[in-house]
Q: 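Got a structure for you, written out below as structure tokens; questions coming shortly.
Order of listing sets the numbers, starting from 1, for every ligand and every atom in it. Because the structure is a prediction, the values reported are computed rather than measured.
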Amino acid sequence: MDNKKEGSSTNNQENSIDVLHSTRTVIKRALDRLGYPQEVYELMKEPLRMMTVRIPVRMDDGSIEIFTGYRAQHNDAVGPTKGGVRFHPEVSETEVKALSIWMSLKAGIVDLPYGGGKGGIVCDPREMSFPELERLSRGYVRAISQIVGPTKDIPAPDVFTNSQIMAWMMDEYSRMKEFDSPGFITGKPIVLGGSHGRESATAKGVTICIKEAAKKKGINIEGARIVIQGFGNAGSFLAKFMHDAGAKVVGISDVYGGLHDPDGLDIDYLLDRRDSFGTVTKLFKNTISNQELLELDCDILVPAAIENQITIENAHKIKANIIVEAANGPTTIEATEELSNRGVLLVPDVLASAGGVTVSYFEWVQNNQGFYWTEEEVGERLEKVMVTSFENVYRVATSRRVDMRLAAYMVGVRKMAEASRFRGWI
Ligand code: GLU
């Protein structure tokens, strides 16, 4: 391993420890506010189950490589656990643990009959061939097959995994069990029981949160100035949805930097350029840095890239009235407090990014009943779930005088705590 890689994986390890630590801190605060005793926190601070597997895969050159994989099941008091599987060189046990806790929170916030789960394999899919990825995906399913299943734990796509990988995993599970099991996994291709609207579901959920937040702040979406950090799956779909809704997207960025136009960027053109070149900002001369982008004059700011972007160092420079977190953990706890005290309406990641798992739930319901919905039906149901969830969190934030993150955690832990109590676990 070269030094650069080693450095970045140490960073990632530290980031994962930070994420786990801050998630636990907010869970503790939420449980205290709700009046639950210490043992409820003890139950929730770790996943109930964590499985580590070693997966031998024959590579195309005939050699064998052994990959490490994980599956964490945070809490299954409410129902089966649910959450994505990521393929990434920096996947770690700590990260998978923290993300499984987040999935429990998300499921609680949007009121799905699930607990949280998460999985990952340490690998670099960008450097693997299709047949190698297929063998790895199937090997992972065989390795974790005892603890997963349509009524136990339901995987889904995540970082660097897609509908093709879900298809291989579903096929492997169905072969092992000797019956067709579409409900084993979500995010499948439509022809194998995938749901309409799953691909754009996260961005749709974020869009609905932006509209609801704008209503609360008396901001008209038509003409509202919005800045989006990140132009990946969530960021680019979101730019399109906001542009179509009449908002002015005045700033966007990718890893190479940001573009700014106070009169509004031409999103259709940028999407077209991105499709052909993989990046947008590299094609332009007048770019700004990602830090400058966050501080632009705008009404709505959407961090849709990576964690720890808004910290106590730059929180006071943020001009937006509304921040909607489409990325995981873009704002630190201290920055959340500073912004909320200033009256900025911050919609936290665990609420804003729950559109994906919500449509995954719809996919699972459709698989279980064998009756499929149109794109419009999925869209309407998603809208209902997101609007209701936003309202619930907003109500708790105003009535209990807490910021939206703490309010979301309070909503997120409550059902899990109650279900654990009724089951006699605590
Ligand atoms: N990986 C996505 C998430 O973190 C989706 C999970 C799912 O669809 O179950 O929300």
Q: For ligand 1, which part of Pro157 has a heavy atom less than 4.0 Å away: the side chain, the backbone, both, or neither?
A: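 Only the backbone of Pro157 comes within reach of ligand 1.
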Q: Given Ser104, which of Lys118, Lys82, His74 fulfils the side chain to side chain donor-acceptor pair (under 3.5 Å) condition?
A: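 Exactly one pass, corresponding to His74.
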Q: Would you please say whether a donor-acceptor pair under 3.5 Å links the side chains of Glu325 and Thr331?
A: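 Yes, because at least one side-chain N or O of Glu325 sits under 3.5 Å from a partner of the opposite role on Thr331.
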Q: Does the side chain of Ser200 reach to within under 4.5 Å of the side chain of Phe241, using non-hydrogen atoms?
A: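 Heavy-atom side-chain distance check passes, below 4.5 Å.
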Q: List every atom of ligand 1 that sits less than 4.0 Å from any heavy atom of Asp158, numbering the atoms from 1 in the order shown and giving each element.
A: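 The list of qualifying atoms is 1 (N), 2 (C), 4 (O).
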Q: To the closest 0.5 Å, what do you measure between CE (Met404) and CE (Met410)?
A: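 The CE atom of Met410 is 13.0 Å from CE of Met404, to the nearest 0.5 Å.
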Q: Can a donor-acceptor pair be found between the side chains of Arg86 and Thr161 at a distance below 3.5 Å?
A: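 No, because no side-chain N or O of Arg86 sits under 3.5 Å from a partner of the opposite role on Thr161.
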Q: Which residue holds the protein heavy atom closest to atom 8 (O) of ligand 1, what is that atom called, and what is the gap in Å?
A: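 Among all protein heavy atoms, the one nearest atom 8 (O) of ligand 1 is Ser360 OG, 2.5 Å.
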Q: Considering non-hydrogen atoms of the protein only, which is the closest contact for atom 9 (O) of ligand 1, and what is the distance?
A: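 Nearest protein contact, heavy atoms only, for atom 9 (O) of ligand 1 is Lys82 NZ, 2.9 Å.
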Q: Please write down residue, atom name and distance for the protein heavy atom closest to atom 4 (O) of ligand 1.
A: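 Nearest neighbour among protein heavy atoms for atom 4 (O) of ligand 1, to 0.1 Å: Lys118 NZ, 3.1 Å.
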Q: So do the side chains of Ser195 and Trp373 get within less than 4.5 Å of each other, counting heavy atoms only?
A: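 When only atoms from C-beta onward are counted, Trp373 and Ser195 do not touch, as no gap falls below 4.5 Å.
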Q: Is it the side chain, the backbone, both or neither of Arg198 that has a heavy atom closer than 4.0 Å to ligand 1?
A: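 The answer is the side chain.
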Q: Counting from 1, what ligand 1 atoms have a heavy atom of Lys106 closer than 4.0 Å?
A: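 Every atom of ligand 1 under 4.0 Å from some heavy atom of Lys106: 3 (C), 4 (O), 10 (O).
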Q: Using a 4.0 Å cutoff against the non-hydrogen atoms of Gly83, which atoms of ligand 1 qualify?
A: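 Once the distances to Gly83 are compared, the set is 9 (O).
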Q: Is it true that a side-chain atom of Lys188 and a backbone atom of Ile185 form a donor plus acceptor pair closer than 3.5 Å?
A: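 Judged by distance alone, yes, a pair lies under 3.5 Å.
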Q: Can you list the ligand 1 atoms lying under 4.0 Å from a non-hydrogen atom of Ala156?
A: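 Here the atoms of ligand 1 in question are 6 (C), 7 (C), 8 (O), 9 (O).
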Q: Mark up the atoms of ligand 1 that fall under 4.0 Å of a heavy atom belonging to Gly84, in ascending order.
A: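 Answer, ordered by atom number: 1 (N), 6 (C).
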